[in-house]
There are 2 protein chains.
Amino acid sequence: MLQISTKGRYGVRLMIDLASRYGEGPVLLREIAGRQGISEKYLWNLVSPLKNAGLVVSFRGAHGGYSLAKPPSKINLGEIMRLLEGPLCLVGCVEKPSECGRSTMCITRDVWEEVSRRISKTLESITLAEMVRKHRTRETEVSMEGKQ
Amino acid sequence: MLQISTKGRYGVRLMIDLASRYGEGPVLLREIAGRQGISEKYLWNLVSPLKNAGLVVSFRGAHGGYSLAKPPSKINLGEIMRLLEGPLCLVGCVEKPSECGRSTMCITRDVWEEVSRRISKTLESITLAEMVRKHRTRETEVSMEGKQ
DNA sequence: TGATTCTCCACTATTTCTGTGGAGATTAAA
DNA sequence: TTTAATCTCCACAGAAATAGTGGAGAATCA
């Protein structure tokens with residue numbers, strides 16, 4: 001279906017949640033789970049690869065939790081998606097030259113790679129900082145509307 | 001994994017195969033299957049929706065087969081992919097406003113829709129005619145190399 | 001008539017997705 | 001030191017999608 005999975009969707013929301021609390025100390029998975037409506041257990045599956053890749057840091061024990069490892073302006077959606085969804089590639093191009101035996105295939109491959117490049121480029125151009133800023137703007141708009 | 005399925009990949013190859021024989025009468029599924037290395041049976045699953053959508057026409061009985069319903073220059077990869085992979089949308093956006101209850105979600109949706117738009121635009125800008133032309137160019141290049 | 005070819009429904013095996021369970025390790029605070 | 005909080009990790013499982021097969025039947029041409 002060419003749809004991204006919940007891993008990518010939830011993972012981005014998780015990171016935006018963390019980004020909007022950057023500098024305020026560790027955030028509990030439980031809190032994020034509550035705010036985002038995702039089970040704490042499942043969240044761990046998402047935060048784990050992000051931690052291994054060095055995008056977030058964890059603190060164990062009481063008053064522990066997770067924080068971004070760098071400022072939100074230094075993290076883009078491309079790296080998050082790549083960690084959670086795998087290579088942002090519409091076909092298994094990098095790893096399997098075997099698929100490329102057919103000449104017709106090679107022509108179509110050019111197309112898939114072009115599209116893949118554009119997806120990567122688009123996602124890499126968006127940082128968590130921008131997402132947080134947009135989010136706050138929208139929140140303000142919504143609360144203003146409510147008062148009219 | 002953000003990968004397109006064999007439906008889309010094989011389907012495009014199927015259509016390029018038909019396009020490169022446009023005007024030469026019906027083409028047998030069996031021949032396409034042989035050339036493309038795809039089972040005849042599975043090909044039917046791909047050609048069926050393309051026929052229902054009016055992109056190809058079929059001829060039954062002896063000397064039957066399939067042909068493009070329009071010139072290759074009038075068919076683009078976007079419509080083929082949409083028929084075989086479903087809507088070219090990274091999230092279930094059009095059909096489910098229910099998913100949109102969360103405010104954070106809405107911010108991320110903007111991103112997914114932007115990327116989806118770019119994917120559509122890219123694929124819609126490429127016609128079968130161009131693919132066939134590229135294919136022939138590459139074939140020539142390969143045969144030239146072989147003679148040196 | 002008979003061979004050819006498309007048409008269509010239904011079925012299955014495999015893989016991926018979307019989670020869940022539970023035991024254990026680590027740490028902060030009382 | 002004890003206790004509660006919290007992350008860590010492996011394994012399992014149900015559900016859905018993917019990829020592909022089988023076989024009977026209908027239409028057409030020679």
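Reckoned from all heavy atoms, side chains included, excluding hydrogens, waters and symmetry mates. Naming convention: chains lettered A, B, ... in sequence-line order (proteins, then strands); numbering from 1 in each chain.
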>> If you assign each of L2(A) and G64(A) to its closest nucleotide in DNA chain D, which residue comes earlier from the 5' end?
In response: G64(A)
Among [options], which is the nearest nucleotide to the side chain of [X]?
X	options	result
A62(B)	dT4(C), dC6(C), dT6(D)	dT4(C)
K51(A)	dT8(D), dA19(D), dC6(C)	dT8(D)
R30(B)	dT5(C), dT7(C), dG20(D)	dT5(C)

> Could a donor-acceptor pair under 3.5 angstrom be found where the side chain of R60(A) meets the base of dA25(C)?
Replying inline: yes
Phosphate OP1/OP2 of [N] contacted by [X] side-chain N/O (<4.0 Å):
X	N	result
Y66(A)	dT8(D)	yes
T6(B)	dT18(D)	no
S39(A)	dT20(C)	yes
H63(B)	dT5(C)	no
S58(A)	dT8(D)	yes
S5(B)	dA17(D)	no

For atom [atom1] of [X] and atom [atom2] of [N], their distance in whole Å:
X	N	atom1	atom2	answer
Q3(A)	dT16(C)	CD	P	18 Å
L46(A)	dC17(C)	CG	P	13 Å
Y42(A)	dG14(D)	OH	C1'	14 Å
M1(A)	dA15(D)	CE	P	20 Å
L43(B)	dC6(C)	CG	C1'	13 Å
F59(B)	dA30(D)	CZ	C1'	18 Å
L28(A)	dA28(C)	CG	P	14 Å
E31(A)	dC7(D)	CD	C1'	14 Å

> Is there a donor in the side chain of E85(B) and an acceptor in the side chain of S5(B), or the other way round, less than 3.5 Å apart?
Replying inline: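 Side chains of E85(B) and S5(B): pair found under 3.5 Å.
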>> Using 0.5 Å steps for rounding, measure from the CG atom of L83(A) to the CE atom of M81(A).
In response: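 Between atom CG of L83(A) and atom CE of M81(A) there are 10.5 Å.
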> Reckon G61(B) touches a base, only the sugar-phosphate, or nothing at all at heavy-atom distances under 4.0 Å?
Replying inline: base
> Among the clusters formed by ILVMFWY side chains lying less than 4.5 Å apart, do L28(A) and M15(A) turn up in the same one?
Replying inline: no
> Would F59(A) end up clustered with V47(A) when hydrophobic side chains under 4.5 Å apart are linked, directly or stepwise?
Replying inline: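 No, no single cluster joins them.
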> Just wondering, are more than 12 heavy atoms of other shown residues or ligands nearer than 6.0 Å to NZ in K70(A)?
Replying inline: yes
>> I want to confirm an ordering. Mapping Y10(A) and N52(B) to their closest nucleotides on DNA chain C, which one lands closer to the 5' end?
In response: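 Looking at the nearest nucleotide for each, N52(B) comes out on the 5' side.
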> Does a side-chain heavy-atom distance below 4.5 Å link V115(B) with I119(B)?
Replying inline: yes
